[in-house]
Amino acid sequence: IKAATWLSHLEYDWESPVWRHMLHALSARYRLVRYDERGCGLSDWVVPELTFDSWVRDLECLMDTLAFDQPVVLLGISQGAAIAIAYAVRHPERVSHLVLHGGYARGRLVRSNTPQEAEEAEMMCRLAEMGWGKQDASFRQFFTTQFIPGGTAEQHAWFNELERISTSPGNAAQFMRAFNTIDVTALLPQVRCPTLVLHSQHDVRVPFEEGLLLATEIPGARLVP
């Protein structure tokens with residue numbers, strides 16, 4: 001089960017020069033379940049609540065509906081890692097393993113140490129509000145370059161379009177503000193399943209130290225830089 005993240009789009013992701021290789025590889029060997037986070041992709045965009053707790057409840061609802069007869073592997077990418085962690089702690093009997101990729105336990109405002117970092121976080125939210133829905137990709141390119149700094153022109157163009165079609169400008173800003181305040185550090189020692197932490201050493205969006213924190217605080221976790 002891939003814990004939902006923004007950015008995603010269930011149909012458009014299959015065409016992705018960024019993600020399609022992973023989707024094909026995982027679905028070739030396993031039953032892969034994906035869903036778009038509330039507020040983005042093919043899920044409803046106009047919703048009463050875009051919060052961390054609501055995203056965890058959505059995963060709980062999905063799992064209740066699927067009613068698997070055995071524990072599942074949860075894949076958490078970016079903020080999906082915190083959602084997967086929260087679910088695994090609440091429902092340890094339902095999760096056999098965690099795989100956390102580019103994830104974090106502390107949002108940008110939780111781990112920030114200076115007023116300048118807080119100002120930068122809010123500036124990014126304002127950029128999303130101003131430029132997310134425009135045909136001109138210049139605003140979105142700023143974010144794309146951070147997500148895949150070494151990406152090809154094809155990957156950048158695809159990711160720019162994913163940003164535009166995955167949600168509205170208002171939702172984009174709400175997502176970022178909610179992500180900035182995520183804090184599941186107290187839950188990390190309570191994880192009981194085998195956990196693999198994957199993190200790029202030069203990640204611009206989520207510092208490598210955040211992956212190291214996950215691997216250090218989750219009992220028995222393995223870190224692969």
Side-chain angles (χ1 to χ4, degrees), residues 2-24 32 34-47 49-52 54-55 58-59 75-84 100-104 107-109 117-182 198-200 202-207 210:
K2 177 182 176 291
T5 59
W6 173 70
L7 310 151
S8 77
H9 190 290
L10 286 180
E11 291 184 352
Y12 191 58
D13 284 353
W14 282 109
E15 307 169 14
S16 168
V18 178
W19 295 116
R20 65 186 173 215
H21 62 288
M22 183 189 76
L23 298 182
H24 284 287
L32 174 63
R34 303 176 299 128
Y35 61 102
D36 282 330
E37 201 161 57
R38 65 165 65 199
C40 82
L42 296 179
S43 292
D44 289 340
W45 286 17
V46 181
V47 291
E49 184 183 1
L50 287 177
T51 65
F52 180 76
S54 72
W55 296 320
D58 289 342
L59 177 54
L75 169 63
I77 299 174
S78 189
Q79 79 276 359
I83 295 168
L100 311 177
H101 175 28
Y104 55 90
R108 186 180 290 265
L109 290 180
E117 289 175 326
E119 184 178 357
E120 180 182 340
E122 179 57 25
M123 180 195 69
M124 291 185 182
C125 298
R126 294 289 296 134
L127 279 175
E129 286 176 322
M130 291 186 293
W132 210 261
K134 295 182 177 180
Q135 289 293 334
D136 175 13
S138 56
F139 278 88
R140 299 190 302 277
Q141 181 63 38
F142 169 78
F143 295 97
T144 296
T145 302
Q146 289 194 327
F147 280 113
I148 41 177
T152 64
E154 179 192 16
Q155 290 171 332
H156 278 196
W158 181 88
F159 209 84
N160 280 335
E161 182 64 6
L162 172 66
E163 292 166 0
R164 188 183 71 82
I165 70 170
S166 66
T167 199
S168 65
N171 279 4
Q174 283 193 65
F175 276 123
M176 291 183 188
R177 291 190 174 104
F179 299 158
N180 287 342
T181 59
I182 286 175
L198 309 167
H199 211 104
S200 298
H202 303 292
D203 193 324
V204 179
R205 291 290 298 179
V206 181
E210 294 305 307

Review point. Do Ile77 and Trp19 have side chains that get closer than 4.5 Å, going by heavy atoms?
Key: yes
Point to revise | Approximate separation, where rounding is to 0.5 Å, of Ile83 CD1 and Thr5 OG1 | key: 8.0 Å
Check your understanding: Just by modelled atom types, is the Ile148 backbone N or O under 3.5 Å from a matching donor or acceptor in the His156 side chain?
Key -> yes
Practice item. Without swapping roles, check the side chain of Asp44 against the backbone of Val46 for a donor-acceptor pair under 3.5 Å. Key: no
Review point. Is there side-chain contact between Val47 and Ser54, with heavy atoms separated by less than 4.5 Å?
Key: no
Review point. Among pairs that include at least one residue of residues 135-148, which meet salt bridge (Lys or Arg N to Asp or Glu O under 4.0 Å), considering only residues two or more places apart or in two chains?
Key: none
Study note, to complete from the structure: Output for pair (His199 NE2, Leu100 CG), nearest 0.5 Å, gives 11.0 Å
Practice item. Would you confirm whether Trp45, through its side chain, and Gly41, through its main-chain N or O, come within 3.5 Å as a donor-acceptor pair? Key: yes
Study note, to complete from the structure: Closest non-hydrogen atoms of Ala128 and Ala172, given as atom of the first, atom of the second and distance, are CB-CB, 4.0 Å
Review point. Just by modelled atom types, is the Ala81 backbone N or O under 3.5 Å from a matching donor or acceptor in the His101 side chain?
Key: no
Review point. Among all residues two or more places apart in sequence or in another chain, which pass the side-chain contact (heavy atoms from CB on, under 4.5 Å) test with Asp58?
Key: Arg38, Trp55
Review point. With a 4.5 Å limit on heavy-atom distance, are the side chains of Gln146 and Met124 in contact?
Key: yes
**Study point:** Shortest non-hydrogen separation from Cys125 to Asn180 and the atoms involved
**Key:** SG-ND2, 4.0 Å
Review point. Parallel under 30°, tilted from 30 to 60°, perpendicular over 60°: which one fits the rings of Phe159 and Phe147?
Key: tilted
**Study point:** Partners passing side-chain hydrogen bond (donor to acceptor under 3.5 Å, both in side chains) against Ser43 (at least two apart in sequence or in another chain)
**Key:** none
Review point. To the nearest 0.5 Å, how far apart are CG in Leu42 and CG in Asp36?
Key: 5.0 Å
Review point. Are the side chains of Leu23 and Arg34 in touch, meaning some heavy atoms are under 4.5 Å apart?
Key: yes
**Study point:** 4.5 Å side-chain heavy-atom contact, Phe143 and Met176
**Key:** yes
Review point. So how far is it from Thr167 OG1 to His9 NE2, rounded to the nearest 0.5 Å?
Key: 10.5 Å
Revision key, fill the gap. Tightest non-hydrogen contact, residues Phe52 and Ala82, listed as CZ-O, 3.5 Å
Check your understanding: On the ring face of Phe179, is Arg108 found with NZ or CZ under 6.0 Å from the centre and within 45° of the axis?
Key -> no
Exercise for review: Using a 4.5 Å cut-off on heavy atoms from C-beta on, say whether the side chain of Gln79 contacts that of Phe175.
Suggested key: no
**Study point:** Heavy-atom pair with the smallest gap, counting every atom of Val206 and Gly102
**Key:** CG2-O, 3.8 Å
Exercise for review: Could you check if a side-chain atom of Leu162 sits within less than 4.5 angstrom of a side-chain atom of Asp13, using non-hydrogen atoms only?
Suggested key: yes
Review point. Looking just at side-chain N and O atoms, do Thr51 and Glu49 make a donor-acceptor pair shorter than 3.5 Å?
Key: yes
Review point. Does Asn171 use its side chain to pair, donor to acceptor, with the backbone of Gly39 at less than 3.5 Å?
Key: yes
Exercise for review: Calculate, to the nearest 0.5 Å, the distance between atoms CH2 and CD belonging to Trp6 and Gln174 respectively.
Suggested key: 11.0 Å
Check your understanding: Say you draw a straight line from OG of Ser166 to CG of Leu10; how long is it, rounded to the nearest 0.5 Å?
Key -> 12.0 Å
Practice item. Could you verify whether a donor N or O on one side chain and an acceptor N or O on the other, from Ser8 and Glu37, lie under 3.5 Å apart? Key: no
Exercise for review: Could you pull out the closest heavy-atom pair between Glu210 and Tyr104, with the gap in Å?
Suggested key: CB-CB, 4.1 Å
